[in-house]
Amino acid sequence: MVRGGSSGEDAGVTTETSAGDSLAGRLAAIVGAANVLTDADLRATYETDWTRRFTGSARLVVRPASTGEAAAVLRECTAAGAAVVPQGGNTGLVGGGVPRGGEVVLSTRRMQELGPVDTVAREVIVGAGVTLAQLNEHVRPHGLRLGVDLASRDSATLGGMVATNAGGINVLRHGMMRAQVAGVEAVLADGRVVSRLTGLKRDNTGYDLAGLLAGSEGTLAVMTRLRLRLVPSFPKVAVALMGMPDVAAAVDIAAMVRASLPSLNAAETFFAPGLELVCRHAGLAAPFAREYPVYLLLEAADINDPAPALAEVLAHVDAPDTAFATEPRDRARLWAYRERHTEAISKEGVPHKLDVALPLASLPEFVERVGRAVTEADPGARAILFGHIADGNLHVNVLGPEPDDERVDEAVLRLVAGMGGSISAEHGIGVAKTRWLHLTRSAADIAAMKAVKAALDPKGTLNQGVIFGD
Ligand code: MLT
Ligand code: ZN
């Protein structure tokens with residue numbers, strides 16, 4: 001397991017273990033003793049990330065239920081010089097939401113507000129600890145949903161999704177999480193609260209703090225309440241799964257369908273090795289009698305049935321094996337081949353998850369070169385690829401290397417940067433990619449980001465080591 005090296009003292013912020021902790025008593029006075037977890041068994045689920053690659057022991061876990069409680073908690077922690085790791089649903093994949101060793105974990109999961117749905121503005125105010133599935137359940141009676149959707153919808157919290165600027169499967173239609181944020185309430189490291197939840201369509205009064213906090217990975221503030229934009233939840237949905245001869249064909253077809261079908265919701269890809277893992281671990285039959293090197297999954301959604309329009313567009317495509325589905329159960333069956341990749345890979349071992357973006361025109365060349373780059377860096381390693389093809393976002397999952405053996409990460413991320421891509425498309429930098437931030441951000445960019453961090457969190461309380469390294 002990868003453990004952070006920032007134990008002990010750093011920039012006046014301390015990390016300790018929980019035994020005889022007087023801070024625990026002061027935090028219990030704020031949130032109640034039941035919401036300060038010092039016992040190792042109770043802390044355990046907060047200490048290891050979803051991949052199992054990143055882990056560290058927490059000094060304690062504190063679970064405030066409101067902005068006021070979070071403010072008081074952060075005031076105490078900063079005054080005590082205690083480092084804090086904010087955590088939502090702990091579905092992150094880059095080690096940004098788990099302790100490196102000795103920090104206080106501030107869990108937002110008790111922030112469960114579900115405000116009335118503003119059906120005119122199509123917005124809603126929610127607590128940071130509400131999950132994506134809970135939000136969608138809450139707004140569904142109004143024919144609405146969040147524009148971002150992802151496989152971890154039952155566990156991922158909205159605060160975490162904003163903090164990491166999550167992407168998911170509908171980015172091509174609705175954008176990433178930052179685009180869904182109409183306002184935030186957040187607590188700075190010293191306990192001050194910044195709040196902009198008015199939902200005014202036009203509000204040009206200075207810096208866009210919500211936009212800044214989206215994607216800041218818990219390094220600038222702890223978001224406690226969010227005003228989120230909603231999109232129509234279209235009743236009619238059609239899915240097509242197609243076998244493709246190569247990546248170039250999948251890229252071209254996804255681009256062509258996107259250009260001619262405004263109702264396109266998703267264009268996803270996966271490859272034969274990933275499909276084999278999914279079928280084996282999930283007990284699914286292969287989708288087609290014949291095996292293809294590449295698969296393309298398309299989804300369209302609209303008020304009226306988009307299936308005829310989707311079929312009409314695909315009629316011009318040379319893809320003999322195409323499966324269509326419109327009924328929820330059949331659609332879920334096709335989506336399972338794509339969405340169950342994460343769990344199937346995890347059943348094979350602890351993966352290095354390299355979430356990258358490439359210019360669309362470079363995707364075929366990248367796919368051809370990345371396999372070689374992986375085996376050259378580590379002949380025992382195996383790469384499983386899948387991702388969001390219309391956005392040029394591929395998930396390079398590498399099985400084989402030990403969690404802290406970074407040779408393959410180095411090779412893949414340098415290849416990506418050399419081809420004009422980004423080392424993180426949607427998962428963030430976390431602690432996993434700090435060493436390579438300079439590959440896709442300039443020295444001036446990094447200095448500007450560090451200046452913002454120093455201005456908002458001068459004592460370095462929040463998520464030390466994330467984005468910039470130690
Ligand atoms: C996905 O696209 O399924 C997520 O980003 C999760 C993953 O990469 O494993
Ligand atoms: Zn993804």
Side-chain angles (χ1 to χ4, degrees), residues 48-54 88-97 131-133 146-157 160-178 215 217 239 241 250 254 265-271 273-275 277-278 281-282 295-299 332 334-358 363 367 370 382-399 403 409 412-413 416 421-430 432-433:
T48 299
D49 86 336
W50 197 93
T51 66
R52 312 187 305 280
R53 185 178 170 201
F54 301 99
N90 198 11
T91 56
L93 301 169
V94 286
T131 65
L132 172 56
L146 190 74
V148 163
D149 191 18
L150 30 76
S152 56
R153 55 187 74 85
D154 291 327
S155 315
T157 61
M161 288 172 63
V162 177
T164 55
N165 189 25
I169 55 183
N170 297 150
V171 171
L172 66 87
R173 190 165 190 182
H174 301 298
M176 297 198 30
M177 202 59 201
R178 185 181 285 117
E217 299 189 45
V239 174
L241 177 66
N265 249 4
E268 301 281 306
T269 196
F270 51 90
F271 296 75
L275 178 64
L277 282 190
V278 168
H281 287 294
Y295 296 83
L296 175 64
L297 185 142
L298 302 170
E299 181 182 271
L334 296 185
W335 265 108
Y337 293 117
R338 160 63 183 87
E339 286 208 320
R340 299 191 75 168
H341 268 67
T342 306
E343 74 185 71
I345 290 166
S346 192
K347 283 190 177 147
E348 288 280 294
V350 176
H352 288 231
K353 294 186 85 72
L354 305 171
D355 152 53
V356 301
L358 277 301
L363 271 189
V367 171
V370 72
R382 161 165 75 116
I384 312 289
L385 273 57
F386 63 97
H388 317 285
I389 194 164
D391 309 320
N393 179 184
L394 283 181
H395 298 309
V396 181
N397 287 252
V398 181
L399 289 163
D409 307 49
V412 172
L413 299 180
V416 167
S422 170
I423 63 161
S424 175
E426 60 171 357
H427 295 172
I429 296 297
K433 294 179 180 169

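Each residue takes its place number in the sequence, starting with 1. Counting starts at 1 for both ligands and their atoms, in listed order.
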Problem - Heavy-atom donor-acceptor pair, Asp149 side chain to Gly168 backbone, under 3.5 Å - result: no
Exercise for the section: Kindly say whether Ile429 contributes a backbone atom to a donor-acceptor pair with the side chain of Glu217 at under 3.5 angstrom? Expected result: yes
Exercise for the section: Looking only at non-hydrogen atoms, find the nearest pair between Asn265 and Asn170 and report the distance. Expected result: O-ND2, 3.0 Å
Exercise for the section: Report the C-alpha distance between Arg153 and Glu339 in whole Å, list the side-chain angles of each, state the deciding distance to 0.1 Å, and finish with yes or no for salt bridge (charged side-chain N to carboxylate O under 4.0 Å, His left out). Expected result: CA-CA 11 Å; Arg153 55 187 74 85; Glu339 286 208 320; 2.8 Å; yes
Problem - Listed partners of Ala156 passing side chain to side chain contact (heavy atoms under 4.5 Å, CB included), at least two apart - result: Thr91, Leu150, Ser152, Met161
Completion exercise
Nearest heavy-atom approach of Val148 to Gly167 is CG1-O, 3.2 Å
Practice task
For ligand 1, list the protein residues that place a heavy atom within a distance below 4.0 Å of one of its atoms, sorted by chain and number.
Solution key: Leu93, Arg338, Thr342, Lys353, Phe386, His388, His395, Glu426, His427
Handout entry: Shell of protein N/O/S atoms around the Zn ion (ligand 2), taken as anything under 2.8 Å
Key = His388 NE2, His395 NE2, Glu426 OE2
Practice task
Could I get the full list of ring-ring contact (aromatic ring centres under 6.0 Å, His included) partners for His427, not counting sequence neighbours?
Solution key: His395
Fill in the blank from the handout: In short, Arg52 meets Ser346 closest at the heavy-atom pair NH1-OG, 2.8 Å
Exercise for the section: Please confirm whether the backbone N or O of Tyr295 pairs with a side-chain atom of Thr269, one donor and one acceptor, at under 3.5 Å? Expected result: yes
